[in-house]
Number of protein chains: 2
Amino acid sequence: MYAVRVFTQPTNMSTKRRKVRRGRPLKTDAAPDMRERILDAAEDHFSRHGFWGVTVREVAQEAKVDTALLHYYFDTKRGLFDAVFERRAEIINKERIESIDAYVKSAGSAISVEGVIDAFLQPILQRAATGDQRWHNYFALIAQVNNTPAWGGETMGRTFDNVIHHLIDALRQALPDVSEEELYWSYHFLSGALTLTLSQTGRIDRLSEGLCKSSDFQAIGRRMAPFIASGFERLCKPQAAKRKKAP
Amino acid sequence: MYAVRVFTQPTNMSTKRRKVRRGRPLKTDAAPDMRERILDAAEDHFSRHGFWGVTVREVAQEAKVDTALLHYYFDTKRGLFDAVFERRAEIINKERIESIDAYVKSAGSAISVEGVIDAFLQPILQRAATGDQRWHNYFALIAQVNNTPAWGGETMGRTFDNVIHHLIDALRQALPDVSEEELYWSYHFLSGALTLTLSQTGRIDRLSEGLCKSSDFQAIGRRMAPFIASGFERLCKPQAAKRKKAP
DNA sequence: TCAATTATTCAGCAGTTGATGAATACTTGC
DNA sequence: GCAAGTATTCATCAACTGCTGAATAATTGA
């Protein structure tokens, strides 16, 4: 028998406990990091069924831990969701900004809309093309949030506005004298096309009777930038297409 | 006191009760049709929070009826959701097919990609532009379903494949010798752009600092067909843009 | 070595969920 | 006018929900 210890963990933060892993990992890399396992399980479930379609018990069960551990690390279900959402954001955002910057620098005065958009898309589409299921799940999660009217816009903005403004700045360089309004509407259409692509519903598979596959991100990577860039140019350089004034 | 009546409604269908309103409406148009009121309330809630983010109690409360009445008309929560999804589908599908057919007929051999896409989009965008909140809700609901990986693809297909194939047939006429693969991928991008537009997250409003408004369907209606048509032409007529052979 | 700290599990609560059988109110046809 | 059918409400259930206090196990630091 052990002596009964009363008042365990009295030194924890008073009202809100918070267990952000600080410093080096405590365990060897071989040992399972429960926190990451929980995040993986949550990512998997949230991406498929959204915030309300998932119970903390389901996540805990898949991660093979007790539900109390979820609350230990993330406080609330919403805290867990936010942690999932933010975990990979920094990585992909950094890659996208670097990709855009690298293109702008290398292209110089030969900068093109298609080049900028391709630089923006490639980091995402390449990670999706590797077939890593966890990144697939993460992208599907983004798509879900981006289509959530109630709080999606705010959450997306908080996490991704930096990158988007970076993209739009680069596009402005490629489109002299562009109207801001056309620029933003064009981005809106780009965002929609990308979002549906990432959501992986398999709808295009059925519609095309197997000719196109939602999971074929290489096929998408080859087509998306030309398609979207063409739209940008049509909308943002109307004088060329609409022949308002003869050249 | 009333005499106690035992075994009321013993003549109902044995296992599954089903109350599909058959024949003309029983009440005058002025009297509130509870069934429609429930559908309106459900549409409102489901469009904002998705299937799992809504409780039957919330719907019942907004419709000002007892929850039992929901089950009386629709059996299950899922039955209610499906009824909402299908209620307006027939109307908008009919309008879209007629719009495409009318354009194809009127254009004759001058048929254009932009014309077809515009004919496909206008019925939706016009209904959205009138500002009828119930149609707004319905369109947002479609957007939600279209981005639901678990069962969205199947549900969308069951309801909308007819129209989409009609659209693609018309596009084929406008794009001689088009590759089927490019055609379907192009539709995929169109679908994404439309879906995000309908989901009304307000993200573009914040991103553009008020310059663009998600609710401004007239602005969208003027821009979307040109943008998308341009992408189609780029992808489906590559020889023209990629200068493989000089003309 | 062992006390303090951190990680994990255990057991369970209070509120909510979708659903249902029965009671009551309304409508209709005869 | 009343019996049969239809619409609506009432009261309630069993299962499930997020969450928590306390117990136990593992790790660390001096």
Side-chain angles (χ1 to χ4, degrees), chain A residues 1-28 31-38 42 45-46 49 51-61 63-81, chain B residues 1-28 31-38 42 45-46 49 51-61 63-81:
Chain A
M1 266 277 197
Y2 295 96
V4 177
R5 271 185 271 163
V6 199
F7 294 128
T8 48
Q9 307 186 82
T11 53
N12 259 346
M13 288 178 63
S14 52
T15 51
K16 284 209 162 188
R17 72 180 113 95
R18 193 152 300 214
K19 202 79 347 179
V20 184
R21 164 166 270 94
R22 42 182 181 277
R24 330 121 207 99
L26 303 175
K27 310 185 172 193
T28 76
D33 186 330
M34 295 300 186
R35 198 171 184 278
E36 291 293 307
R37 251 175 50 190
I38 294 171
H45 276 74
F46 282 138
H49 306 106
F51 180 75
W52 296 107
V54 174
T55 70
V56 295
R57 276 173 173 78
E58 289 170 335
V59 175
Q61 198 164 9
K64 294 192 173 66
V65 298
D66 193 275
T67 66
L69 197 59
L70 272 67
H71 294 284
Y72 177 70
Y73 280 119
F74 305 103
D75 260 17
T76 64
K77 181 185 176 186
R78 184 54 193 262
L80 171 61
F81 185 90
Chain B
M1 266 274 198
Y2 295 97
V4 177
R5 271 184 269 164
V6 198
F7 293 130
T8 46
Q9 305 184 69
T11 51
N12 259 346
M13 290 179 62
S14 53
T15 51
K16 285 208 161 191
R17 71 180 114 94
R18 194 153 300 217
K19 202 83 340 182
V20 185
R21 164 167 267 94
R22 39 183 184 277
R24 331 119 207 99
L26 304 175
K27 311 184 172 194
T28 76
D33 185 331
M34 295 301 186
R35 200 171 182 277
E36 292 293 308
R37 249 174 52 189
I38 294 170
H45 277 74
F46 282 138
H49 307 105
F51 180 76
W52 296 108
V54 174
T55 71
V56 295
R57 277 172 173 76
E58 289 170 335
V59 175
Q61 198 163 9
K64 293 191 174 65
V65 296
D66 192 276
T67 67
L69 196 59
L70 271 67
H71 291 101
Y72 177 72
Y73 281 118
F74 306 104
D75 260 16
T76 63
K77 181 185 174 185
R78 182 55 192 262
L80 171 60
F81 185 90

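Every chain is numbered from 1, with letters handed out A, B, ... down the list of sequences.
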Enter the inter-axis angle for the ends of the helix from C:dT1-D:dA30 to C:dC30-D:dG1 (five pairs per end, rounded to 10°).
->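 Roughly 10°, once rounded to the nearest ten degrees.
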Gap between atoms [atom1] and [atom2], on [X] and [N] respectively (whole Å):
X	N	atom1	atom2	answer
B:D33	D:dT8	CG	C1'	13 Å
A:L70	C:dC10	CG	P	15 Å
B:Y72	C:dA22	OH	C1'	14 Å
A:F74	C:dA7	CZ	P	12 Å
B:M34	D:dT6	CE	P	18 Å
B:D75	D:dA7	CG	P	14 Å
A:L69	D:dG21	CG	C1'	16 Å
B:I38	D:dA7	CD1	C1'	10 Å

For A:W52 and A:K77, work out which heavy atoms get closest and say how close.
->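 Smallest heavy-atom distance, with atoms named: CA-NZ, 4.2 Å.
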Identify, with sequence neighbours excluded, every residue that meets ring pair (Phe, Tyr, Trp, His ring centres under 6.0 Å) alongside B:F81.
->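 Ring pair (Phe, Tyr, Trp, His ring centres under 6.0 Å) check on B:F81 returns B:F46, B:F51, B:W151.
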Identify each donor-acceptor pair in which a side-chain atom of residues 63-70 of chain B lies under 3.5 Å from a protein atom, sequence neighbours left out, and give them as a table.
| residue | atom | partner | partner atom | Å |
| --- | --- | --- | --- | --- |
| B:D66 | OD1 | B:A68 | N | 2.8 |

Would you tabulate the nitrogen or oxygen pairs shorter than 3.5 Å linking the protein to nucleotides 11-18 of chain C?
| residue | atom | partner | partner atom | Å |
| --- | --- | --- | --- | --- |
| C:dG18 | OP1 | B:V54 | O | 3.4 |
| C:dG18 | OP1 | B:K77 | NZ | 3.1 |
| C:dG18 | OP2 | B:V56 | N | 2.9 |
| C:dG18 | N7 | B:R57 | NH1 | 2.8 |
| C:dG18 | O6 | B:R57 | NH2 | 3.0 |

Side-chain N,O (A:Y73) to OP1/OP2 (C:dT8) below 4.0 Å |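 For A:Y73, the contact criterion (side-chain N or O under 4.0 Å from OP1 or OP2 of C:dT8) is met.
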Name every donor-acceptor pair, under 3.5 Å, that has one atom in a side chain of residues 54-61 of chain B and the other anywhere in the protein, sequence neighbours excluded.
| residue | atom | partner | partner atom | Å |
| --- | --- | --- | --- | --- |
| B:T55 | OG1 | B:E58 | N | 3.1 |
| B:E58 | OE1 | B:T55 | N | 3.1 |

Distance, nearest 0.5 Å, that separates NE2 of A:H71 from OG1 of A:T76 =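 Between atom NE2 of A:H71 and atom OG1 of A:T76 there are 8.0 Å.
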